[in-house]
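Basis for what follows: all heavy atoms, side chains included, without hydrogens, waters or symmetry-related copies.
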Amino acid sequence: MYLGIELGSTRIKAVLVDGNHNPVASGSHIWENALVDGVWTYSLEDVWAGISDAVANLAATTSLDKVNAIGISAMMHGYLVFDKAGSQLVPFRTWRNTTTEEAASLLTKAFDFNIPQRWSIAHLYQAVLNKEAHIGDIAFLTTLAGYVHWRLTGEKVIGIGDGSGIFPCTTEGYDTDMMKKFNSLTEHTPWKLNDILPRVKNAGEHAGQLTAEGAALLGGGLQPGVAFCPPEGDAGTGMIATNSVRQRTGNISAGTSVFAMIVLEKPLSRVLMEIDMVTTPTGSPVAMVHCNSCCSDIDAWAGIFGEVLQLFGQKPDMGELFQKLYQISADGDSDCGGLLSYNYLSGEPITGFAEGRPLLVRKPDANFTLANLMASLVYSAIGTLKIGMDILQGENVQVDSLLGHGGFFKTPKVGQAAMAAALGVPVTVMETASEGGAWGIALLAAYMAKKAEGESLEDYLEQKVFANAPGSTIAPDEKSMQGFAKYMEAYTSGLAIEKKAVEKFL
């Protein structure tokens, strides 16, 4: 048995898989980030309460005494720093924060490599530029997955995919030339960057074992000594869960945020500010189009409709309500009937926004129906992603197919068809897609424990996990593509409205 735990933006999930890689049980815990003093954060107390609850839910249905290996995955990027005693120095700054523009810009120029605002190194350098009081006390900087792994095993390590969202990586680990440049920029600090970052490990390497302290934190009857694979970010485990680690393959993870990961045949010809360069869990180069907002505005509208039902004495099943709302969106006009939505709950660097304001705009003669409202919200959820993918297409990046996973694809065919229309590429959703990154990191734990000598991750997944995996594929049709293109014309022009909303609606 292999256990995968992933800390997503709205849910912490634990998945147990058997020797044939099939999910046999799962447990989960709902949580949410908080905006505290202008910073999007989660408390570490909530981290452990959520993990123990998810594991307890799992252990209530199945025994965990036969777990052979464990993997930890979590949201990439962000800023978690600790002193020599292991005490947290400042609240966790998540990927959602867009407060590091100065640092990201300076590092991008110094490295000739795009450093997005949410990357850990941008948060660190911004704190240095701001002369924050805690800088001199930093002994360890890591991601959320790296932190949880450290507390469970005592090992300060990171999987290369997650590590590539801390600092630029090559197939060998952190880029040494860029490391030297950063150390020269911060020569007045009492530490060198290489001394405070976690060690990078590739998929398949052993990354520690569960300690007695870690077993107590996890609960669920797990015993010390269980092996761990390297901790990975949600982007990497999404690639694993969709078998998207070979060249010319890609996946789209769509939930609170949305991002596309395209495994490249060759490096990009130039630095693109809208595109992140990260790696697969084995270190291969990946172009990442990341958007901060996806389904949150849909969730908010679903909440409003739930309140309406409550006025009539109904107690709606929110899962069923979400499904019906997604389904009716498919009945909307192909261009959403003159409605336009922006789902910007926070900033969106791809379109140049440091902050966001969710908006709904319609023409006076719009076909204002529930179907078109929901179609507009669904289209809005992937509008910024479309802009980023068009930039990649301009670089002649070839993609044969895309695999989707996450809440956006949970209702059969709806999100899948919209994504195919937006990107003009067949989109596949596997039956295992709902298991997401927790299943993906469990597969990495299994790969570490079971791989044959010299067996690549790509071959292991293709031949032993996905050889007969059921799923469905939707190819884009011309009418839907034309409708989405018309919607995007309005969406692109209407960004000026969103800009004014940010400026004036304070």
Reported CD1-to-CE distance for the pair Ile382 and Met389, which is rounded to 0.5 angstrom:
11.0 Å
Which heavy atom of Ser296 sits nearest a heavy atom of Thr256, and at what distance?
OG-CG2, 3.6 Å
Side-chain heavy atoms of Ile275 within contact of Val289, under 4.5 Å
yes
Would you call Leu197 and Ile166 a side-chain contact if the rule is heavy atoms closer than 4.5 Å?
yes
Whether Thr100 side chain and Ala103 backbone form a donor-acceptor pair below 3.5 Å:
no
Test item: Glu355 side-chain N/O and Ser346 main-chain N/O as donor-acceptor pair under 3.5 Å
no
Do Asp477 and Ser480 get their side chains close enough for a donor-acceptor pair, meaning under 3.5 Å?
yes
Pairs flagged by ring-ring contact (aromatic ring centres under 6.0 Å, His included) wherever residues 487-506 is involved - sequence neighbours left out:
Tyr342-Tyr491, Tyr379-Tyr487
Sole residue of Thr142, Thr143, Thr279 in side chain to side chain donor-acceptor pair (under 3.5 Å) with Asp162
Thr143
With a 3.5 Å cut-off and no angle check, do the side chains of His29 and Asn57 form a donor-acceptor pair?
no
Does any part of the side chain of Leu141, heavy atoms only, come nearer than 4.5 Å to the side chain of Ser120, both counted from C-beta?
yes
Looking only at non-hydrogen atoms, find the nearest pair between Gly424 and Met481 and report the distance.
CA-CE, 4.0 Å
Under the 3.5 angstrom rule, does the side chain of Asn343 hit a backbone N or O of Cys294 as a donor-acceptor pair?
yes
Using 0.5 Å steps for rounding, measure from the CZ atom of Arg93 to the CG atom of Leu124.
10.0 Å
Do Val397 and Leu268 touch side chain to side chain, with heavy atoms closer than 4.5 Å?
yes
Can you confirm whether Asp112 sits close enough to Val271 that some side-chain heavy atom of one is under 4.5 Å from a side-chain heavy atom of the other?
yes
ring-ring contact (aromatic ring centres under 6.0 Å, His included): pairs with one or both residues in residues 293-335, sequence neighbours excluded:
none
Interatomic distance, CD1@Ile72 vs NE2@His149, rounded to 0.5 Å, equals 8.5 Å
Does any part of the side chain of Gln310, heavy atoms only, come nearer than 4.5 Å to the side chain of Val308, both counted from C-beta?
no
Measure up the Trp150 and Phe140 rings against each other and bin them: parallel (under 30°), tilted (30 to 60°), perpendicular (over 60°).
perpendicular
The reported gap from NE2 in His123 to CD1 in Ile121 (rounded to nearest 0.5 angstrom) is 11.0 Å
Is the side chain of Thr186 donor-acceptor paired with the backbone N or O of Thr189 at a distance under 3.5 Å, no angle test?
no
Are the charged groups of Glu498 and Lys500 less than 4.0 angstrom apart, N to O?
no
Spacing of CD belonging to Gln117 relative to CD belonging to Glu102, to within rounding of 0.5 Å:
11.0 Å
Judged by atom type as modelled, is there a donor-acceptor pair below 3.5 Å linking the side chain of Asn97 to the main-chain atoms of Thr99?
no
Is it true that, when you exclude Lys181 itself, more than 12 heavy atoms of the residues, nucleotides or ligands shown sit nearer than 6.0 Å to its NZ?
yes
If only atom types and distance count, is the side chain of Ser244 paired as donor or acceptor with the main-chain N or O of Thr242 below 3.5 Å?
yes
So does Glu489 pair up with Lys486, basic N to acidic O under 4.0 Å?
no
Indicate every side-chain donor-acceptor pair of residues 73-80 with a distance under 3.5 Å to a residue at least two apart or in another chain.
from, atom 1, to, atom 2, distance (Å)
Ser73, OG, Glu6, OE2, 2.5
Ser73, OG, Glu232, O, 3.2
Ser73, OG, Thr237, OG1, 3.1
His77, ND1, Gly165, O, 3.1
His77, NE2, Arg118, NE, 3.3
Tyr79, OH, His134, NE2, 2.8

For residues Thr369 and Leu373, determine if any side-chain heavy atom of one lies less than 4.5 Å from a side-chain heavy atom of the other.
no
Closest heavy-atom pair and its distance - Ser257, Cys291
CB-O, 3.3 Å
Tell me if the aromatic rings of Tyr147 and Phe82 count as close, with their centers under 6.0 Å from one another.
yes
Sort out for me which residue in Ile12, Leu217, Ile5 forms a side-chain contact (heavy atoms from CB on, under 4.5 Å) with Val55.
Ile5
side-chain contact (heavy atoms from CB on, under 4.5 Å) partner of Ile252, the single match among Leu403, Leu385, Val425, Val429:
Leu385
Do Glu187 and Asn183 have side-chain N/O donor and acceptor atoms under 3.5 Å apart?
no
Take Met419 and Ile474, measure what side-chain contact (heavy atoms from CB on, under 4.5 Å) needs, and give me the verdict at the end.
CA-CA 9 Å; Met419 193 70 75; Ile474 293 180; over 6 Å; no
Within 6.0 angstrom of Glu132 CD, more than 12 heavy atoms from elsewhere
yes
Would you please test Asp390 and Lys386 for side-chain contact (heavy atoms from CB on, under 4.5 Å) and show each step?
CA-CA 6 Å; Asp390 283 349; Lys386 165 66 173 173; 3.1 Å; yes
Take the angle between the ring planes of Phe167 and Tyr174 and call it parallel below 30°, perpendicular above 60°, tilted in between.
perpendicular
I'd like to check Asn292 versus Pro349 (side-chain heavy atoms, cut-off strictly below 4.5 Å). Are they in contact?
yes
Heavy-atom nearest pair, Leu402 first then Leu423, reads CD1-CD1, 3.6 Å
Side chain Glu348, main chain Ile350, donor-acceptor under 3.5 Å:
no
Is the backbone of Cys336 close enough, under 3.5 Å, to the side chain of Asp333 for a donor and an acceptor to pair up by distance?
no
To the nearest 0.5 Å, what is the distance between CE (Met178) and SG (Cys169)?
10.0 Å
Tell me whether Gln88 contacts the main-chain N or O of Val81 through its side chain, where contact means a donor paired with an acceptor under 3.5 Å.
no
Would Glu395 and Arg270 count as a side-chain contact (heavy atoms from CB on, under 4.5 Å) if you check the C-alpha gap in whole Å, the side-chain angles of each, and the deciding distance to 0.1 Å?
CA-CA 9 Å; Glu395 285 290 300; Arg270 58 193 176 95; 3.0 Å; yes
Out of Trp31, Trp95, Trp48, which one pairs with Tyr42 under the ring pair (Phe, Tyr, Trp, His ring centres under 6.0 Å) rule?
Trp31
Looking at every non-hydrogen atom in both residues, tell me the closest pair between Ala54 and Ala14 and how far apart they are.
O-CB, 4.2 Å
Give a yes or no answer on whether the side chain of Thr411 reaches the backbone of Val414 with a donor-acceptor pair at less than 3.5 Å.
no
Can you name the nearest heavy-atom pair linking Met239 to Val286, along with the distance?
SD-CG2, 4.1 Å
Do Ser380 and Ser341 have side-chain N/O donor and acceptor atoms under 3.5 Å apart?
no
Take atom CZ of Arg357 as the centre, draw a 6.0 Å sphere, and report whether it contains more than 12 heavy atoms from other residues, nucleotides or ligands.
yes
Under the criterion side-chain contact (heavy atoms from CB on, under 4.5 Å), I'd like the reasoning laid out for Thr384 against Tyr344: C-alpha separation, chi angles, the key distance, then a yes or no.
CA-CA 10 Å; Thr384 309; Tyr344 285 14; 2.9 Å; yes
